[in-house]
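Atoms within a ligand are numbered from 1 in the order they appear, just like the ligands themselves. Everything quoted here is computed from the prediction, not taken from an experiment.
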Amino acid sequence: MEAMADFPIEAVRGKFPALALTDDGRRRIYLDNPAGTQVPQAVADAVSRCLLNTNANLGGFFETTVAAQQAVDDAHAAMADFLNAPSVEEIVIGANMTTLTYHMSRTLGRTMKAGDEIIVTRMDHEGNVSPWLQLAEDLGLVVRFLPFDERSWQVEEGALKALLSQKTRLVALNYASNLTGSINRMQTLTAIARQAGALVYVDAVQFAPHGLIDVQSLGCDFLVCSAYKFFGPHMGILWGRRDVIDGLKPYKCRCSSNALPERFELGTPQIELMAGLTAAIDYFADLGAAAGEGTSRRKRIAKAFEVSIAYENALAWQLIEGLSDIEGLTIRGITDPERLAERVPTVSFTVDGIAPETIVRQMNSENIFLWSGHNYAWEIVHQLGIPAEQGVVRIGIAHYNTAAEIEETLESAHRVIAMLRQPRA
Ligand SMILES: Cc1ncc(COP(=O)(O)O)c(C=O)c1O
């Protein structure tokens with residue numbers, strides 16, 4: 001509980017106006033975070049300021065167009081710091097992770113031919129599976145499915161090695177699962193895949209709110225994430241290794257720029273959301289500064305994660321321990337307190353004989369916000385033999401949640417599940 005005392009939770013919560021909202025006097029508990037987080041006031045202010053004061057298209061010489069270009073440049077610089085990208089030219093900003101991945105898969109498809117092999121996992125969100133499957137269908141690629149280990153809840157190196165061949169062109173992997181919460185050993189997996197000559201495409205959407213990403217030390221070729229999962233606006237970001245993306249020819253308008261990253265950013269960008277994205281990254285940096293780090297933005301971001309990870313892990317353990325008391329409840333993910341560093345604080349479970357949606361609807365009626373279903377972790381539910389139309393109950397913590405909220409959620413889960421167990425009269 002030391003970690004909890006160190007984290008400035010009241011100051012953090014004070015930055016998020018949505019956390020103070022009530023509905024007919026009832027408080028809200030936001031545990032729907034893996035589907036999208038709330039935003040600090042500063043993010044909403046930046047979006048609004050951009051729309052109200054400097055709304056213009058790019059490329060001109062007058063005041064507002066120059067300011068709009070600055071907002072675009074600032075967002076790329078902020079994301080380069082967030083991901084430790086060597087250059088802003090490697091940062092591509094777009095609608096969301098799924099759109100960016102479809103775009104990049106189609107682009108990479110121009111370098112592939114029938115008979116080439118690609119590897120997708122049974123652990124990934126569909127956003128990092130479907131684009132590759134459809135590319136394979138179009139081009140006659142061979143698809144290999146990489147399962148996760150049901151004891152470790154991770155993709156194991158041996159399983160990856162068994163699928164790689166000289167023909168493997170790409171491995172699509174997730175950093176952390178949006179259902180089980182487990183984190184893959186990305187550096188090792190990436191090194192194995194790249195040694196075999198494959199490109200590595202990493203989905204970091206669920207990892208990004210919970211851990212420091214360093215694309216240079218990961219050694220992957222592409223990494224994607226979504227700002228709305230880490231306190232920013234609804235948009236996605238792709239990092240691509242310069243020596244890889246420089247040689248790619250995306251589908252684009254003939255007259256649009258061939259420079260990086262504009263070559264991959266189609267049409268007019270979401271300029272106001274980019275202003276919000278910079279504010280979201282600065283929110284992390286401010287958190288790091290409050291924790292005593294006064295140097296570069298990258299270092300302040302790193303410090304923010306250092307303090308928030310410890311805090312989140314304490315909440316995750318509180319949740320896992322409390323759920324484990326419920327008879328017939330199975331957590332679908334890592335439950336060992338020694339292995340909290342190998343998971344993000346997203347906890348999914350099923351309960352014998354009770355549909356997840358029934359539990360969730362009841363808890364939602366107590367103004368506890370959480371999700372049921374497969375949540376697009378379509379391959380995971382199939383590998384685990386969970387009916388896809390039912391899925392799981394998913395509780396996803398963000399660093400603005402509190403121990404008191406987790407306690408209330410646990411009390412609600414106990415009460416609701418006991419009530420649903422009662423035989424109907
Ligand atoms: C792990 C993971 N990958 C990809 C996505 C898709 O992200 P987007 O909504 O930005 O397309 C999600 C969304 O929940 C996700 O959790």
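Tested against M79 for a side-chain contact (heavy atoms from CB on, under 4.5 Å), the candidates I91, D74, L238, V92 yield a single pass: I91. In summary, of the residues considered (T101, D221, N128), a side-chain hydrogen bond (donor to acceptor under 3.5 Å, both in side chains) with Y201 occurs for T101 alone.
Ionic pairing of D336 and R343 is not present here: no N-O contact between side-chain nitrogen and carboxylate oxygen is shorter than 4.0 angstrom. The existence of a salt bridge linking D23 and R26 is excluded, since no basic side-chain nitrogen approaches an acidic carboxylate oxygen closer than 4.0 Å. Classification of E156 and R185 as a salt-bridged pair holds, one side-chain N sitting under 4.0 Å from a carboxylate O.
The nearest heavy-atom contact from the protein to atom 9 (O) of ligand 1 is Y228 OH, 2.4 Å. Here the heavy atom of the protein found nearest to atom 3 (N) of ligand 1 is D203 OD2, 2.5 Å. For atom 15 (C) of ligand 1, the nearest protein heavy atom (residue, atom name, distance) is H125 CD2, 3.2 Å. Closest to atom 11 (O) of ligand 1, if we only count protein heavy atoms, is T98 OG1, 2.5 Å. When hydrogens are left out, the protein atom nearest atom 10 (O) of ligand 1 is S226 OG, 2.6 Å; that is the closest non-hydrogen contact. Q206 NE2, 2.6 Å is the protein heavy atom nearest to atom 16 (O) of ligand 1.
Counting heavy atoms under 4.0 Å from ligand 1, residue N96 touches it through both backbone and side chain.
Residue M97 has at least one nitrogen or oxygen atom sitting less than 3.5 Å from a nitrogen or oxygen atom of ligand 1, judged on distance alone.
In this structure, L323 and F349 approach most closely via the heavy-atom pair CD1-CD2, 3.8 Å.
Shown in contact with K229 at under 4.0 Å from a heavy atom are these atoms of ligand 1, numbered in order with element: 13 (C), 14 (O).
For the ligand labelled ligand 1, residue G127 lies outside the 4.0 Å heavy-atom shell.
Within the 3.5 Å criterion, the main-chain N or O of T121 finds no donor-acceptor partner in the side chain of E379.
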